[in-house]
Each structure stands twice: as C-alpha cells, then as structure tokens.
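For reference, the structure discussed in these notes is given below.
Every value quoted in this text rests on a predicted model; they were computed, and no experiment measured them. Labels below follow one simple rule: chain letters A, B, ... track the order of the sequence lines, proteins then strands, and each chain is numbered from 1.
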Number of protein chains: 2
Amino acid sequence: MASIKDVAAQAGVSVATVSRVLNSHPSVSPDARRRVLAAVEALGYRPNTLARSLRTDQTRTLGLVISDVLNPYFTALARSVEEEARALGYSVIIGNADEQPEQQDHHVRTLLDRRIDGLLVSPADGDSPLLHDVARAGTPMVFVDRWMPGVDVPVVRADGHRAIQDLVAHLYALGHRRLAIIAGPAATTTGNERVEAFRAAMSAHGLALPDAYIGQGDFQAASGRRATEQFLALPQPPEIVFAADNLMALGALDAIRAHGLRVPGDIGLAAFDDIPWFVHTGPPITAIAQPTGELGRAAVRALVDIVEGRPPQSVTLPARLVVRGSCGERSGEPPLPASGPRSNA
Amino acid sequence: MASIKDVAAQAGVSVATVSRVLNSHPSVSPDARRRVLAAVEALGYRPNTLARSLRTDQTRTLGLVISDVLNPYFTALARSVEEEARALGYSVIIGNADEQPEQQDHHVRTLLDRRIDGLLVSPADGDSPLLHDVARAGTPMVFVDRWMPGVDVPVVRADGHRAIQDLVAHLYALGHRRLAIIAGPAATTTGNERVEAFRAAMSAHGLALPDAYIGQGDFQAASGRRATEQFLALPQPPEIVFAADNLMALGALDAIRAHGLRVPGDIGLAAFDDIPWFVHTGPPITAIAQPTGELGRAAVRALVDIVEGRPPQSVTLPARLVVRGSCGERSGEPPLPASGPRSNA
DNA sequence: CTGAAAGCGCTTACAG
DNA sequence: CTGAAAGCGCTTACAG
C-alpha cells in the first residue's frame, strides 16, 4: 500500500504538504495541491486511518453493542444508528452481545481497545462493573433501549407504560382475565419495567398477576418456548400470553403450535416490539410498536453531542399499541383483516 | 488512558520488557513479569490496538460486507461469521450495503482504510470495479453467498439447483402449471442462478417460464410487493409465486393480503431462504433452506487460510426444500401441521 | 534477560 | 506557502 511518503515523492513535495491537502488545510499553493492530488490518484493512495487516529487521538468511530443480532428490533436499531452516524461523519462498529453479559463486556473492551470515540450500549442481563468503570472514566457513552441504574449517562429509550395500559384495557374489554407475561431478565430495565407496567395496568382493572403467570425469559426464542410450556402445564392456564419481546413471542408460538392449540381460540398472544411478520402470522399478532428508527437516531445524536463537547439529551419516546387478531375479536369473525401494505423499514 | 510508558515506569522496567510480557515473549524474568503484570492490573492498562497494528501491520480483524442487515439470512450469516472468527482469534467489522453498490463500495473502502486483514463480501447488484482492484491488489478476500464472475477469489455458497428442482416437482405434482418467480437483481449470481434453475426445472416438466412471470426484484420487501402486484394484474395470473429470498416473500404476502386473497387457495407462495417465522404464517411457507451457519463458518476458514498463508478452499453446500402448506396440500385439509419446536439459530 | 533506538504512517506546531 | 522534526503507542532487531 502506498504511504504518504510515496505520494510526497511522486508529487515532489514534503509529507507535510501532502497531509495538508488531504486535510484541506487552507495554506497550500494551488500548484502543490494539484500535484499532490494527481499523485494520490495515480497511486490509488488511501490514508492509513490507524496512523491518523494514533496521531490525532480520534477515530471518528462509534461503538454499538446490541443485545442480539438475531432480534429484528436490534437489527433495525443498528441500521438507523449506522445511517445517522454516517450522516454526522462517523462510522460504527457493531458488537453482538447475544444477551450474554460476558460477551457484552468482551465487545466493550474490544471497542475500547480500538479507541472508538464513543459507545452506544443496550446492556444485557445483570450489572456490568466494566460499564460502570467506562462511564466513570469519562468515555462518551449513552444507553439505548435498556439502561443501567447508577450509571450516569444519557438514556434513549421507549416508554411502554401507556401502550401496556392500552393493551391490558383491550384484553379486559375482550373479556380476558387470566393474563400472563413472559418477562425479560429481571436485571434488564426493559425486562423489569414491562412486567411492572403490566402488573400495574392489571391492578387498575382489579386483576392480580400471580407468580405462576410470570414466565422468566431472556429475550430469546427458546425461553419463550419454555415459559409457554410451563403456562400450558398449569391446572389453570392463562387466557393470554404477553411476550416482552418479539423473539419470545416466536418461541411462544412454537410451543402453542407444538401443543396443537390455536390462537386466539385456545390461547391469545400479544408481544412487545412490532415486526413485519406479525401481519402475516395466523392470526396477525397484536403488538406494541417502538419508534425504533427515531431511537437509533436520537441515541447517535446524544452520543455525538458528548463526543463533540455539547450537552447531550436523554430522550424517551412513547411506544404504541397495534391491535390485531391474536387476542380475539371484538365482533365475531372478520371477513378479512384488510391491513394495507406495510413498510419493511 | 494509561500507555505502555506508564506501565513501564510503574513496574520499573523498560517499555520493551512490558511489551515482551504482554506478547508472552519467553525471555522475561519471572520477577519482571510479575511486576509488569501488577502494574498492568493497577493501572487498568489496555494496549492500544491502533499503535500495535500500525507497527505489526496486522489488525487481526476481518471485514464482512453483507447485502442487507434487515435480511434475517444475512444476519444469521453475520452471527456465524463472528463466532467462527472469534474462535480463530479474529474480530469482525460488519458493513451493511443495503443492496446498494455505492454503499457496498463505501464500506469496502472504509474497511480497507482500517487495514483489516481480510475481506468477506456478498456483492450487491452490479459489477464493482473496486472489488476487482481489491482482489488484484492481493488483499485476502472471499465471496460468500453471492460472487462476482471474473474475480479470482474463493467462493463459499449454497447451491440451490437440486432444491429448486425438488420445489418445481412438488408444485407440478400438486397440479400447478403457471409458476412465476420474483427474481433478485440479474447482476447478482444468486439473482440470476435462481431464475435459471427455476426455468430449467420447469422446462424439464415441459413448462415454459414466460417473461410476464419473471418479476424483477432487488431482494428487498418493497420489490416483492411490486412484482406481485404486477402478477396479480395479469389477465392470467400465476398459480404460484416463488420469491428468490425471504424479504421478497414478505412483500409478496403484503400484496396478496392487500388484495384480499388467500394463500394457497387463491395463489400459492414459496420462498428461497427459510426463516423461523415461515412456520407461523397463515399458512406456513414452503421454503428452501440454506445451511447458513455452515456457510459463514466455511467462509471464515477460507479467508483465514488466505490470511495465514495456507491454500484456501471454495465450498458449495446444498440447499434443501422444506415443504409446508403455502402451495396447497396433496391430501385435503390437514388436521394441524404438527411441526415440532424449532430452533431459532 | 534487558534496554536504547528505530520505525510503522500519520499530523502539527515551529521556523522560515 | 513549505519543510524538518517531534511524537502518537506500540514492537522488534541489535547489542550487551
């Protein structure tokens, strides 16, 4: 690979001059600039970002640690993060925690070793001493979707309280009383909050949420399967299962189908997170939609604000209920759920 | 951030000695090693990979450019790539082309600027002069899933011919004669090959594939929607639509539903790529499954072979047909498709 | 076993 | 406007 020296030699100038034209420093003669550009072109020269970053102490790179790449929610989040970052002149490196704290920390460390300018993380289960240290050390950082109490960094997330209230009201109106939830890990904020919001909303309707109706999941499909199996083995199974994310809803569907049961006739299903496939399941799944794109963009803006020395802003956006047929219909059998075309983005 | 100098000072040795213990060079006295390790611990020292890579001219990182992060197939591929790479001591940086050649080239350049040791790419539509250059320049590279003719690098991919023959035989046996395909971009190998395999298989049954039954898609959902709309507007619409990837199948479903039609009663659907949701759609979707995890792992092994100076191997793995209900049933209405629990990985 | 020194490819005061 | 030189944080012959 051609280095800046080669370019300098070919252009007949010093490396300092080459560097100046590369960084569009004003004081370069038109002639020198021309010769340098020609040499760059001729040699197919590309600056070595490692060397540049080592010298300038900035990488113009953001790290993003997501909880699970197989989860369409995080994948959509990653996409919007990357777009916004690029628009602001940064690139992003993604790490997949796979819902495992050790793997999360592994990626955080790797990212830090690469000297990223800032870190976006959606913390996996449990507390991470490492993340505390990182924040304390002053590394620019923001939490997205999930956050860790006691770590003083901006948080960008969706608030599902209202949507969960709407969901419970919807279920209540349909006549359902035995509502169960498949929760995420208690140590994650989204795991915890969704259960508590669900419990509070039920309580507002005079309904209790017995322990047997709280399935312990980990946001991955297999756990949704297991929790649903347990619900179905109960003497009095729930009428509705609310999965705290889309993958656990997938697992729930697997279990329901394996038992030869029908949704919503035998048991109803609702999910947190809305994904394009929910329109096409049999029946379509009632879900709570997050403004995923907005979250990703706001998170990047907050992080870049910190990196560039501006005051960052925590952002909380509302989630919203999307009623479909998976918990039963208010009025008999519908001829055909005529939902229009749906964007994939 | 503490640097190697700080560690050296704290341990009372030279930076050379610190470097030696960090790289487990044999000739270091036990005492020096102990003091260095203590200093590392005390300072929370982490080597700066930028500096190390600049010096050693290797980054121990692989670049992966996938066609679309929103496509579960690529997301699964990315996951297996990352796992295998980690097992071999490499980390990977992912770039999302979003099916756009310019964005692909952008990521290839960014990755190269970071001096990755090798590049894994699934080329987007069209020819990329850049990729030709990269290969010619001797950068370790392998194609995965899709490849570009004329670029002499190993290819790791699935062969769908046999599975497509099986699919057509299945459709034929069900009595279907008017088969349509939603193709990927003609310039992608997977776009092209799947159409040709489909055409050949039909021809073996004495069936023609009229141009009107070839929808031009781009592997993304919206194009599947558009192509299906066009099929449905035909005087004689097809009986079956075969989508060349899962996202276009999603789009097809959107269009079919928007028209108030039923699968398979009004029109049948099959897809290349199998994803967990296909089990739960109404009805479950007949699909061609790729050995995605295997592909990702084989691609990494081939790339690392090149990087480390061993002879690499191209790999072609068979895809296989998974028959479900979306093209009709051989024998009346089944009581319940009793598919067992399904792994998400 | 250990350290001084060179050098990887850049950027950026400093002097002219 | 331009170049020589220092220095970012490492690694690695070289000499001892």
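With a 3.5 Å ceiling on both atom-pair distances, C/dA13 lacks any Watson-Crick or G-U wobble partner.
For the pair A/Asn48 and C/dC8, the criterion of a side-chain N or O lying under 4.0 Å from OP1 or OP2 is not met. Considering only side-chain N and O atoms, B/Lys5 lies under 4.0 angstrom from the phosphate OP1 or OP2 of D/dC8.
Heavy atoms of A/Thr17 sit under 4.0 angstrom from primed sugar atoms or phosphate atoms, though from no base atom. Across all strands, A/Ser29 comes closer than 4.0 Å only to sugar-phosphate atoms, never to a base (heavy-atom distances).
Mapping B/Val13 and A/Tyr45 onto DNA chain C by nearest heavy atom places B/Val13 closer to the 5' end of the strand. Sequence order on DNA chain D of the closest nucleotides to B/Pro47 and B/Arg20 puts B/Pro47 first from the 5' end. The nearest heavy atom of DNA chain C to B/Val15 and to B/Arg115 marks one nucleotide each, and the one closer to the 5' end goes with B/Val15.
Applying a 4.0 Å cut-off to non-hydrogen atoms, the residues of residues 50-61 of chain B that approach DNA chain C are B/Leu54, B/Arg55, listed by residue number.
Note on B/Arg79 versus B/Glu82: no salt bridge recorded, every NZ/NE/NH1/NH2 to OD/OE distance being 4.0 Å or above. With respect to the salt-bridge test (charged N to carboxylate O, under 4.0 angstrom), the residues B/Arg109 and B/Asp113 do not qualify. With salt bridges taken as basic N to acidic carboxylate O contacts below 4.0 Å, none links B/Glu308 and B/Arg301. Between B/Arg297 and B/Glu294 a salt bridge is recorded (basic side-chain N to carboxylate O distance below 4.0 Å).
Each of A/His107, A/His106, A/Arg114 was scored for a side-chain hydrogen bond (donor to acceptor under 3.5 Å, both in side chains) with B/Ser91, with one residue passing: A/Arg114.
The distance from atom CZ of B/Arg46 to atom C1' of D/dG9 is 15 Å, rounded to the nearest whole Å. Following rounding to the nearest Å, A/Asp113 (CG) and D/dC10 (C1') show an atom-to-atom distance of 13 Å. Between A/Leu22 atom CG and C/dC10 atom P the separation is 8 Å, expressed in whole Å. In this structure, the CE atom of A/Met1 is 17 Å from the P atom of C/dC8, given to the nearest Å. Here D/dG3 presents its P atom at 11 Å from CG of A/Asp31, a figure rounded to the nearest Å.
Side-chain contact check for B/Ser67 and B/Arg146: at least one donor-acceptor pair (N or O, by modelled atom type) lies under 3.5 Å.
Relative to the side chain of A/Ser19, the nucleotides D/dC14, C/dT12, C/dG9 differ in distance, and C/dT12 lies closest.
Between B/Leu62 and B/Leu120 the shortest side-chain heavy-atom distance does not fall below 4.5 Å.
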